*Asks:* 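Okay, handing you the structure first.
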Amino acid sequence: MALSRRNVLGGVLAGGLLFGFDPVRRSWLGEAAAGFGGNHVPRLDGTLRADSAAITEASDDFGHIVHRTPIAVLEPGSVEDIAKMVRYARQNKLKIAMRGQGHATYGQAQVQGGIVIQSSALAAIGQIKRDRVTVDAGVQWADLLRATYAQGLTPPVLTDYLELSVGGTLSLGGIGGAASHHGAQVDNVIELEVVTGRGDIETCSRERNPGLFEAALAGLGQCGIITKATVKLVPAKTNVTVYNLYYTDLTTYVADQRKILADGRFDYLEGSLVSNATGGWDYTIEAASFYSPPGSAASIPTDLSDDQTRRTQLDESYLDFAFRIEPLVGLLKTIGLWATPHPWYAAFVPASKVVDYIGDLVSGLTIADTGGGPVLFYPFKRSLLHAPLLRVPDEDFFTFNLLRFPGDPTVVPGQLAQNRMFYDDLVDVGGHQYPLGSIPLTPEDWKKHYGRAYPIFAAAKAWFDPDDVLTPGQGIFPQRRC
Ligand SMILES: Cc1cc2nc3c(=O)[nH]c(=O)nc-3n(C[C@H](O)[C@H](O)[C@H](O)COP(=O)(O)OP(=O)(O)OC[C@H]3O[C@@H](n4cnc5c(N)ncnc54)[C@H](O)[C@@H]3O)c2cc1C
């Protein structure tokens, strides 16, 4: 039989075919064994792989801390492939996770003994309209931006790093400096196509099937796999002026960040900690104004209390600004720090508690704790965030992202324990984790994390994924079956 992708049952492994799964032995059956039992793999448009290259890649992520070995990796040739594989997983008591670009840091897209679906195999960008575009979930924001910018358009909110999949960030939230005007990426989605844990392909939006829409956006892959997203577009400006303002005092920094957030003149607002000569930390506001000549950039407000002698200004193109961290990523890859563990910590801290919480945390933080990685620290307007499963404080808040690049793997257990300590203090002040990081959590912690949203989330999980097939790597719900 010719091994064309459309007429084989399943996929190719080192010259052999995956014909079926034996649910008793929990292993694949080759062609010879297929006649003796086991459940046949459905006919696929894509490929089901179990070769070591595919398995090794799917057993790792950007964190390089957790390693879970799946039994196969699906490179889907169609959305129907994903639906078939979810139904097949239900039938055979297997678990499934979609993997985007693998930038999770703590095994969130991994599945021990299950099937990983590689979203990068589905990466088509649909017709770009004036205010929207429909894309496959495997599209990277970098490719989407290049395509839309060619037509004078941009997604309103971009992450700092653009080589993340659309499905991956919409499953999480998707934040960046433009969230100060537009909310998170999940607040800028018009419609989704989702394969539920039942194996159904469904379309949902705020008006149509809103329960699934709300369960999928920032839903960490628990109720459905996002396969397509219709995302908003806005006119793109051509130029950007970026200002950096420096502070030695946390209270002054926080006050000025809140002033700038309320003022609203800048299109982008971020900020971070900067290590200083005495081994402590200073703070910098990064505020950017987007414009197209003959328009001009907004100027810095006159009532700020930064050290004016340290102010910097950079003028660049919108695309250079959007891709600004690419050179740093290239450097980190070259010196090997992309491939070492990344026990990241990401938090949303209520603005009213941020000086105390960050003051305490930073007083014990050293450059050895970060490995020189960025420590992002900037504010959000609560009123702009609407996705119920993106858990944030009930007031304006700051994100604090400790993006650790320790280099030395032996420090990782200690840093994970430190993340957990930071998390316990965060919960005490009414904050929430932003679930991109590496914090050891129990289902009980997740229940507290979701708070009043938990009963609805748990009910949606039970309805849309009744056999508990999807995305076990997040560890949110106690395992029921499979
Ligand atoms: C260098 C770097 C920079 C980052 N910068 C930002 C930033 O500026 N802003 C920000 O908000 N985040 C940022 N992140 C975090 C990032 O958004 C998340 O880690 C995101 O989940 C990664 O996307 P991914 O495509 O790599 O997903 P993966 O790591 O492959 O998957 C993450 C989780 O989402 C699930 N998932 C993936 N695709 C789908 C889908 N289609 N449907 C359902 N579930 C799915 C997976 O199963 C897994 O649980 C950054 C991460 C890194 C490593």
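When a ligand or atom number is given, it counts from 1 through the structure's own listing order. Just so we're clear, the structure is a prediction, and the values are computed from it rather than from any experiment.
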*Asks:* Examine I225 against ligand 1 and note whether any of their N/O atoms are separated by less than 3.5 Å.
*Replies:* no
*Asks:* Which residue owns the protein heavy atom closest to atom 34 (O) of ligand 1, what's the atom, and how far is it?
*Replies:*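 Residue, atom and distance for the closest contact: S171 CB, 3.9 Å.
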*Asks:* Before signing off on this row, confirm whether T471 and ligand 1 have an N or O atom pair separated by under 3.5 Å.
*Replies:*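 Between T471 and ligand 1 (N or O atoms, distance only) the closest approach is not under 3.5 Å.
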*Asks:* As a test of understanding, state which of F464, W446, F477 forms a ring pair (Phe, Tyr, Trp, His ring centres under 6.0 Å) with F457.
*Replies:* F477
*Asks:* Output the list of atoms in ligand 1 that are nearer than 4.0 Å to some heavy atom of W344, sorted by atom number.
*Replies:*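 Within the 4.0 Å cut-off of W344, ligand 1 contributes 1 (C), 2 (C), 51 (C), 52 (C), 53 (C).
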*Asks:* With no hydrogens and no angle check, just 3.5 Å: does a side-chain donor-acceptor pair link T159 and W141?
*Replies:*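 Side-chain D/A pair, T159 to W141: absent.
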*Asks:* Looking only at protein heavy atoms, which one is nearest to atom 15 (C) of ligand 1, and what is the separation?
*Replies:*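 Going atom by atom, the protein heavy atom closest to atom 15 (C) of ligand 1 ends up being L436 CD2, 3.7 Å.
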*Asks:* Looking at I456, I want to see if its CD1 is surrounded by more than 12 non-hydrogen atoms of other residues, nucleotides or ligands under 6.0 Å.
*Replies:*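 12 or below, so no.
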*Asks:* So D136 and K228, salt bridge (charged side-chain N to carboxylate O under 4.0 Å, His left out) or not? Walk me through it.
*Replies:* CA-CA 4 Å; D136 285 345; K228 279 190 173 53; 3.4 Å; yes
*Asks:* Ligand 1 versus Q185, non-hydrogen atoms closer than 4.0 Å: side chain, backbone, both, neither?
*Replies:* neither
*Asks:* Check this for me: K447, atom NZ, are more than 12 non-hydrogen atoms of other residues, nucleotides or ligands nearer than 6.0 Å?
*Replies:* no
*Asks:* With the side chain counted from C-beta on, respond yes when I358 and Y253 share a heavy-atom pair under 4.5 Å apart, and no when they do not.
*Replies:* no
*Asks:* So, regarding L164 and ligand 1 (criterion: nitrogen or oxygen to nitrogen or oxygen, under 3.5 Å), is there a contact or not?
*Replies:*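 In fact, backbone or side chain, L164 has no N or O that close.
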*Asks:* To check you understand the geometry: which heavy-atom pair defines the closest contact between L145 and P155, and what is its length?
*Replies:*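 Here L145 and P155 meet closest at CD1-CD, 4.1 Å.
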*Asks:* In terms of ring plane angle, is the pair F405 and W338 parallel, tilted or perpendicular, where the classes change at 30° and 60°?
*Replies:*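 Answer is tilted, since the angle falls between 30° and 60°.
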*Asks:* So, does D61 sit close enough to ligand 1 that a heavy atom of it is under 4.0 Å from the ligand?
*Replies:* no
*Asks:* Does some side-chain heavy atom of D465 sit less than 4.5 Å from a side-chain heavy atom of D468?
*Replies:*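 Yes - at least one pair of side-chain heavy atoms lies under 4.5 Å apart.
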*Asks:* Assess W338 for proximity to ligand 1: is some non-hydrogen atom of it under 4.0 Å away?
*Replies:*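 Yes, W338 has heavy atoms under 4.0 Å from ligand 1.
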*Asks:* May I ask you to test the T340-H64 pair for a side-chain heavy-atom distance under 4.5 Å?
*Replies:*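 A side-chain contact is absent here, since even the closest heavy-atom pair is not under 4.5 Å.
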*Asks:* Give the atom numbers and elements of ligand 1 that come within less than 4.0 Å of a heavy atom of G174.
*Replies:*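 Atoms satisfying the 4.0 Å criterion: 11 (O).
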*Asks:* Any N/O of G224 closer than 3.5 Å to an N/O of ligand 1?
*Replies:* no
*Asks:* Nearest protein heavy-atom contact for atom 23 (O) of ligand 1: which residue, which atom, what distance?
*Replies:*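 Checked against all protein heavy atoms, atom 23 (O) of ligand 1 sits closest to G168 CA, 3.7 Å.
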*Asks:* Fit a plane to each ring of F400 and F377, take the angle between them on a 0 to 90° scale, and name the class: parallel (under 30°), tilted (30 to 60°) or perpendicular (over 60°).
*Replies:* perpendicular
*Asks:* If the cut-off is 4.0 Å to any non-hydrogen atom of R99, which atoms of ligand 1 fall inside it?
*Replies:*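 Selected atoms, number and element: 30 (O).
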*Asks:* Rounded to the nearest 0.5 Å, what separates atom CG in L389 from atom CG in L217?
*Replies:*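 Spacing of CG (L389) from CG (L217) equals 8.5 Å.
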*Asks:* What is the nearest protein non-hydrogen atom to atom 32 (C) of ligand 1, stated with its residue, atom name and distance?
*Replies:* A104 CB, 4.1 Å
*Asks:* For atom 3 (C) of ligand 1, what is the nearest protein heavy atom, given as residue, atom name and distance?
*Replies:* Y161 CB, 3.4 Å
*Asks:* In ligand 1, which numbered atoms sit nearer than 4.0 Å to a non-hydrogen atom of F62?
*Replies:*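 Contacts of ligand 1 toward F62, numbered from 1: 53 (C).
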*Asks:* Are any of the side-chain heavy atoms of N401 and W344 separated by less than 4.5 Å?
*Replies:* no
*Asks:* Looking only at distance, does D160 have an N or O less than 3.5 Å from an N or O of ligand 1?
*Replies:*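 Yes: some nitrogen or oxygen of D160 is under 3.5 Å from one in ligand 1.
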*Asks:* Assess whether atom NZ of K333 is packed by more than 12 heavy atoms of other residues, nucleotides or ligands within 6.0 Å.
*Replies:*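 Correct, the count exceeds 12.
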*Asks:* Taking a cutoff of less than 4.0 Å between a non-hydrogen atom of the residue and any ligand atom, is G176 in contact with ligand 1?
*Replies:*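 No heavy atom of G176 comes that close to ligand 1.
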*Asks:* So which heavy atom in the protein is nearest atom 26 (O) of ligand 1, and how far is it from that ligand atom?
*Replies:* H103 N, 2.8 Å
*Asks:* Provide the number and element of each atom of ligand 1 under 4.0 Å from a heavy atom of G100.
*Replies:*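 Near G100, the atoms of ligand 1 are 25 (O), 28 (P), 30 (O), 37 (C).
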*Asks:* Quick check: does I175 get an N/O under 3.5 Å from an N/O on ligand 1?
*Replies:*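 Indeed, backbone or side chain, I175 has an N or O that close.
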*Asks:* Do me a favour and list the nearest non-hydrogen protein atom to atom 18 (C) of ligand 1 with residue, atom name and distance?
*Replies:*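 Sorting protein heavy atoms by distance from atom 18 (C) of ligand 1 puts L172 CD2, 3.6 Å first.
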*Asks:* Please confirm whether the backbone N or O of A236 pairs with a side-chain atom of T154, one donor and one acceptor, at under 3.5 Å?
*Replies:* no
*Asks:* Go through ligand 1 atom by atom and flag the ones less than 4.0 Å from a non-hydrogen atom of A137.
*Replies:* 41 (N)
*Asks:* Do any nitrogen or oxygen atoms of T169 lie less than 3.5 angstrom from nitrogen or oxygen atoms of ligand 1?
*Replies:* no
*Asks:* What do you reckon, does T159 have a nitrogen or oxygen under 3.5 Å from a nitrogen or oxygen of ligand 1?
*Replies:* no
*Asks:* Heavy atom to atom 31 (O) of ligand 1, shortest distance: which of G138, A184, A109 holds it?
*Replies:* A109
*Asks:* Considering both backbone and side-chain atoms of I226, is one of its nitrogen or oxygen atoms within less than 3.5 Å of a nitrogen or oxygen in ligand 1?
*Replies:* yes
*Asks:* Which residue holds the protein heavy atom closest to atom 35 (C) of ligand 1, what is that atom called, and what is the gap in Å?
*Replies:* M98 O, 4.0 Å
*Asks:* Can you find a pair of side-chain heavy atoms, one from L319 and one from F323, that are under 4.5 Å apart?
*Replies:* yes
